[in-house]
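Notes to accompany the following structure.
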Amino acid sequence: MSRRIVRVFWVTLLLFGMAATAAQAQEELPPPASPAAYRQALEEAYALLQKEPPAFEEAQQRLAAIPRVSLKNGEILSVSSPLDGGETPVDVEAARQRLRLVIAQLDAAGDDRTAERLATLERVFAAPAFQQRPSWLDPLRRWLAELFERLFARAPVDAAPGPLGQSAAQVAGWIVVALAGAVLLFLLTRWLQTMVRAFVGDVGRARQETDPLPATPAAARQAAARSAEQGAYRTAVRYLYLAALLTLQERRLIPRDPSLTNREMLTRAPAHHPIRAPLGEVVAVFDEVWYGLREPDVAAFQRYQHVVHELETLAQAGDVQQREAPP
């Protein structure tokens, strides 16, 4: 406990000493001079340098006596002597030029009308031309203008774009915008076509889909062949898929449950039966075709017909008679 008290005492003593030193340093500084008094000191120092021989040290002491200047707004600035050259001594002529420059700047600052100029600047920046943000095309147009100017006009690197570069950049910018719009329109058109095929379909396809579905695998295969002859390969794929399901249901390899989805139907198939692999391909292709992800053609239909035939062959060759009930 005593050690802690001793530490607190020494810390308090140290802080008090630092505060006293700072207060003493502030008391030693002379009060800040006004801009007029500082200007007068500069003129007196300049007059001392005009003497023969020049009273350089006396002029330097005169300016060193004013380390701070108080402005009209109450702000206090620390100033250094214009005659102080650091390690390099300043000759008399350079010192005179410095004093003349500082006096001229003080005289010019007295009539600079800062508030009026700031108000004018604010009005200029409040104009609509400065309020609008540049678009993403502006940097592109500037870059194209500089590029065309360098290629065709052989302008220097740092030169501003001329009329030729600006016109070429304007044309190139519109070409880029047109190409981007065309690509976007093409993508939107393809997407709309896919959505229409998936959810609406054409009139002939809708008429075929409203017909009663075949009840046997043979009838489904015949309906698929008729649809393929008419070029309706999407409907033909549907009938082949139906023929495959009817075959598996007759062999009691999948349950007769119309509420099951295609993927759920696949999970109900026997896990170790050879139909598992071709049934997965049959379901995947049907989903892609029926929901508009793929538009079948003759080759795709024939390939799907071959896979369905392989599935039916494996189902007929199997000897699984137990029907799996849904969980």
Side-chain angles (χ1 to χ4, degrees), residues 187 189-327:
L187 295 177
T189 304
R190 292 298 300 270
W191 177 76
L192 288 175
Q193 289 177 354
T194 303
M195 296 297 294
V196 167
R197 291 194 189 103
F199 295 104
V200 180
D202 54 19
V203 177
R205 185 177 300 165
R207 181 181 58 80
Q208 292 178 357
E209 292 172 359
T210 56
D211 294 338
L213 295 177
T216 62
R221 285 191 290 270
Q222 292 176 2
R226 289 194 301 268
S227 299
E229 291 177 356
Q230 297 173 3
Y233 296 108
R234 181 170 180 266
T235 304
V237 168
R238 181 194 182 196
Y239 283 135
L240 285 179
Y241 179 69
L242 179 60
L245 293 183
L246 292 174
T247 301
L248 297 179
Q249 289 174 0
E250 287 181 354
R251 297 291 175 178
R252 297 187 178 183
L253 296 175
I254 58 175
R256 295 179 181 269
D257 189 354
S259 64
L260 297 177
T261 63
N262 297 331
R263 296 295 175 180
E264 291 173 346
M265 193 76 68
L266 178 62
T267 59
R268 302 301 175 88
H272 302 289
H273 198 280
I275 67 168
R276 188 80 178 191
L279 180 58
E281 184 177 357
V282 168
V283 171
V285 173
F286 173 75
D287 285 343
E288 292 179 357
V289 171
W290 192 249
Y291 294 107
L293 300 179
R294 181 195 299 182
E295 186 66 25
D297 52 8
V298 179
F301 171 74
Q302 293 177 352
R303 166 64 182 167
Y304 192 69
Q305 190 177 26
H306 174 73
V307 177
V308 170
H309 177 70
E310 179 184 358
L311 175 64
E312 292 176 344
T313 302
L314 293 174
Q316 293 173 2
D319 193 22
V320 179
Q321 299 295 332
Q322 183 179 2
R323 178 181 178 182
E324 295 184 9

Any side-chain heavy-atom pair of Trp191 and Leu187 under 4.5 Å: no
Report yes if some heavy atom in the side chain of Pro214 is under 4.5 Å from a heavy atom in the side chain of Tyr239; otherwise report no. yes
Euclidean distance, Leu242 CG relative to Thr235 OG1, rounded to 0.5 Å: 12.0 Å
Spell out, as yes or no, whether a donor-acceptor pair under 3.5 Å connects the side chain of Ser227 to the backbone of Ala224. no
Could you check whether any side-chain heavy atom of Asp287 comes within less than 4.5 Å of a side-chain heavy atom of Arg263, counting everything from C-beta outward? yes
Once you round to the nearest 0.5 Å, how far does CG of Asp297 lie from CD of Gln302? 9.0 Å
Suppose we screen for salt bridge (Lys or Arg N to Asp or Glu O under 4.0 Å). Which residues come up paired with Glu250, at least two apart in sequence or across chains? none
Looking at every heavy atom in both Phe301 and Leu240, which two are closest together, and how far apart are they? CE1-CD1, 3.4 Å
Side chain to side chain contact (heavy atoms under 4.5 Å, CB included) assessment of Tyr233 paired with Val298: CA-CA 7 Å; Tyr233 296 108; Val298 179; 2.8 Å; yes
Can you find a pair of side-chain heavy atoms, one from Arg294 and one from Arg234, that are under 4.5 Å apart? no
With heavy-atom distances below 4.5 Å as the criterion, would you say the side chains of Arg238 and Leu213 are in contact? yes
Which value, rounded to the nearest 0.5 Å, describes the distance between Thr216 atom OG1 and Leu246 atom CG? 7.0 Å
Answer yes when Glu312 and Arg251 have at least one side-chain N-carboxylate O distance shorter than 4.0 Å, and no when they do not. no
Hey, does the side chain of Tyr304 reach the backbone of Val282 with a donor-acceptor pair shorter than 3.5 angstrom? yes
Residues which pass salt bridge (Lys or Arg N to Asp or Glu O under 4.0 Å) with Arg276, listed by chain and number, not counting sequence neighbours: none
Only counting residues at least two apart or in another chain, list the ones meeting ring-ring contact (aromatic ring centres under 6.0 Å, His included) with Tyr241. Phe286
Less than 4.5 Å apart, side chain to side chain, heavy atoms only: is that true for Arg221 and Thr247? yes
From Ile275 atom CD1 to Leu248 atom CG, the distance as rounded to the nearest 0.5 Å: 5.0 Å
Does any part of the side chain of Val285, heavy atoms only, come nearer than 4.5 Å to the side chain of Val307, both counted from C-beta? no
